Number of protein chains: 2
Amino acid sequence: MALEHAILVSLLEKPGSGYELARRFERSIGYFWTATHQQIYRVLKRMESEGVLAVREVPQQGRPDKKEYSVADPGRAALSRWLHEPIEPESLRHDLAVKIRGAAFDDPAALVDEVERHHRVHSDRLARYLAGELRDFTGPDAPAPLDTGQELQHVVLRGGIAYERMTIAWLDDVLATLRALGAPTGARGGPQDGRPGPSV
Amino acid sequence: MALEHAILVSLLEKPGSGYELARRFERSIGYFWTATHQQIYRVLKRMESEGVLAVREVPQQGRPDKKEYSVADPGRAALSRWLHEPIEPESLRHDLAVKIRGAAFDDPAALVDEVERHHRVHSDRLARYLAGELRDFTGPDAPAPLDTGQELQHVVLRGGIAYERMTIAWLDDVLATLRALGAPTGARGGPQDGRPGPSV
DNA sequence: GCTTTCTATGCAACTCGTTGCATAGGCAAG
DNA sequence: CTTGCCTATGCAACGAGTTGCATAGAAAGC
């Protein structure tokens, strides 16, 4: 149900079309939410029919017309209600962690490239977040007295930065572990487990 | 699709019933995966019908019979194939981050209780992970020369520990920010920067 | 001229995941 | 002795999310 609320927050911050929302969620810093455009269009339509959003057709030149959505009063109320409800703390589901444990039944060294690729992606993300932070919050061009919304956006972004830094450090740890297992020198490690090894 | 692979890995580590898998995923340390029992039963049934799993009916005394699943050769092959495919790096979807940004349009102070609750949950999880690490990997009772599977389980667990520590630190940051916004009088009560407070 | 990319919206079909409910014996607390 | 919890499996319905496809004009590169 949280996509609905993410849309409400995003539209309160700035009204926009389904397409624009998709891009905010997809690439933007500070939302930490993903959704495809199909999902967004579908939910927008439902929310509009329920009266929590208002639409305005905006004719454009040189590009297709768009439907600009904004939050109606019932939407604001729904968001407020949700903010006062408790939500479940996240449990992370990390596909890569499954792969790492699975590598015990295959060749651990074969995962190195994959882990390095993830490392690059997270490093790029971190760089993008840090650039955004400098631009919007801590740089010389940022508004000096931040308002409430900006303070809150900043603390969320700091969360994203902390997450990427933690992930990068962990991936370094993973790489070191995989390499130690691949090059068994002396006492530690080595594929000498008692399990059925890499078949297939 | 990764639930299938998480099940394969878990069953390779140790065969078990749907019920047992549900508990491993639900509460256990080191999997970082969640699934309800219904989902697991459904997928197990499909995987069995596809021939990637084998079932064995195990009669029990004092409790209902169970179906113990184990990985068949095609399952091992499927896992191996998956391990060599690239996967998308995760993008985190944090409901709480949406709430925090949404609080700009409501009362930020009202989120304090919720954030504190999440803080407690993550602290408990961290304590559980650390206890597990001591028990299985770094304590005096842990097997001294870890085998490949154990090394990999340990590095995944270290990831969980790093995640919880990062999250707890971030929630501290969030709490400090919320409190600074709620008590605007103090010229510099802020967590790190000495910026002036809110101006809603 | 042709292909690709960007803006912009949408349908159809599918899988993934959650919630509510049902069954059923054993066990422990009140 | 009744209520509730634990083990163990499962159906039905719904909502969330993904993938493939379709349309369509404008701009930019080959």
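Letters go in sequence order (proteins before strands), and every chain restarts at 1. From a predicted model like this one, the values you see are computed outputs, not experimental measurements.
Its side chain outside the 4.5 Å cluster rule for every partner, A:V121 clusters with none of the Ile, Leu, Val, Met, Phe, Trp and Tyr residues. Under a 4.5 Å side-chain heavy-atom cut-off, the cluster of Ile, Leu, Val, Met, Phe, Trp and Tyr residues that includes A:Y19 is completed by A:Y41.
For A:V112, the side-chain contact (heavy atoms from CB on, under 4.5 Å) partners are A:E116, A:L175, A:L178, A:R179, not counting sequence neighbours. Partners of B:R63 under the side chain to side chain donor-acceptor pair (under 3.5 Å) rule, at least two apart in sequence or in another chain, do not exist in this structure. Scanning for side-chain contact (heavy atoms from CB on, under 4.5 Å) contacts around B:R158 gives A:D173, A:T177, B:E133, B:H154, B:V155, with sequence neighbours left out. Annotation: side-chain contact (heavy atoms from CB on, under 4.5 Å) contacts of B:P140 (sequence neighbours excluded): none. Every side-chain contact (heavy atoms from CB on, under 4.5 Å) that B:P143 has, sequence neighbours left out, goes to B:L146, B:Q150.
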Check: residues 76-92 of chain A side-chain donor-acceptor pairs under 3.5 Å, at least two apart:
residue : atom : partner : partner atom : Å
A:S80   : OG   : B:D106  : OD1          : 2.7
A:H84   : NE2  : B:D106  : OD2          : 3.2
A:E90   : OE2  : B:D95   : N            : 3.0

Sequence neighbours left out, cut at 3.5 Å: what donor-acceptor pairs do the side chains of residues 6-14 of chain A make with other protein atoms?
residue : atom : partner : partner atom : Å
A:S10   : OG   : A:R24   : NH1          : 2.9
A:S10   : OG   : A:Y31   : OH           : 3.4
A:E13   : OE1  : A:Y31   : OH           : 2.9
A:E13   : OE1  : B:R101  : NH2          : 2.9
A:E13   : OE2  : B:R101  : NE           : 3.1

So which protein nitrogen or oxygen atoms get under 3.5 Å of nucleotides 10-17 of chain D's nitrogens or oxygens?
residue : atom : partner : partner atom : Å
D:dG10  : OP1  : B:K67   : NZ           : 2.4
D:dG10  : O6   : B:H37   : NE2          : 3.3
D:dG10  : O6   : B:Q38   : NE2          : 3.1
D:dA13  : N6   : B:R42   : NH2          : 3.4
D:dA16  : OP2  : A:R46   : NH1          : 3.4
D:dG17  : OP1  : B:R93   : NH1          : 2.8
D:dG17  : OP2  : A:Q39   : NE2          : 2.9
D:dG17  : O5'  : A:Q39   : NE2          : 3.3
D:dG17  : N7   : A:R42   : NH1          : 3.1
D:dG17  : O6   : A:R42   : NH2          : 3.4

At a cut-off of 3.5 Å, list every protein nitrogen or oxygen paired with a nitrogen or oxygen from nucleotides 3-6 of chain D, distance to 0.1 Å.
none

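Atom P of nucleotide C:dT9 and atom CZ of A:R56 are separated by 13 Å, given to the nearest angstrom.
Between C:dT7 and A:S17, no contact under 4.0 Å exists linking OP1 or OP2 to a side-chain N or O.
Checked against the 6.0 Å centroid threshold, B:H118 and B:W170 do not count as a close aromatic pair.
Note on the helix from C:dG1-D:dC30 to C:dG30-D:dC1: angle between the axes of the first and last five pairs equals 30°, rounded to 10 degrees.
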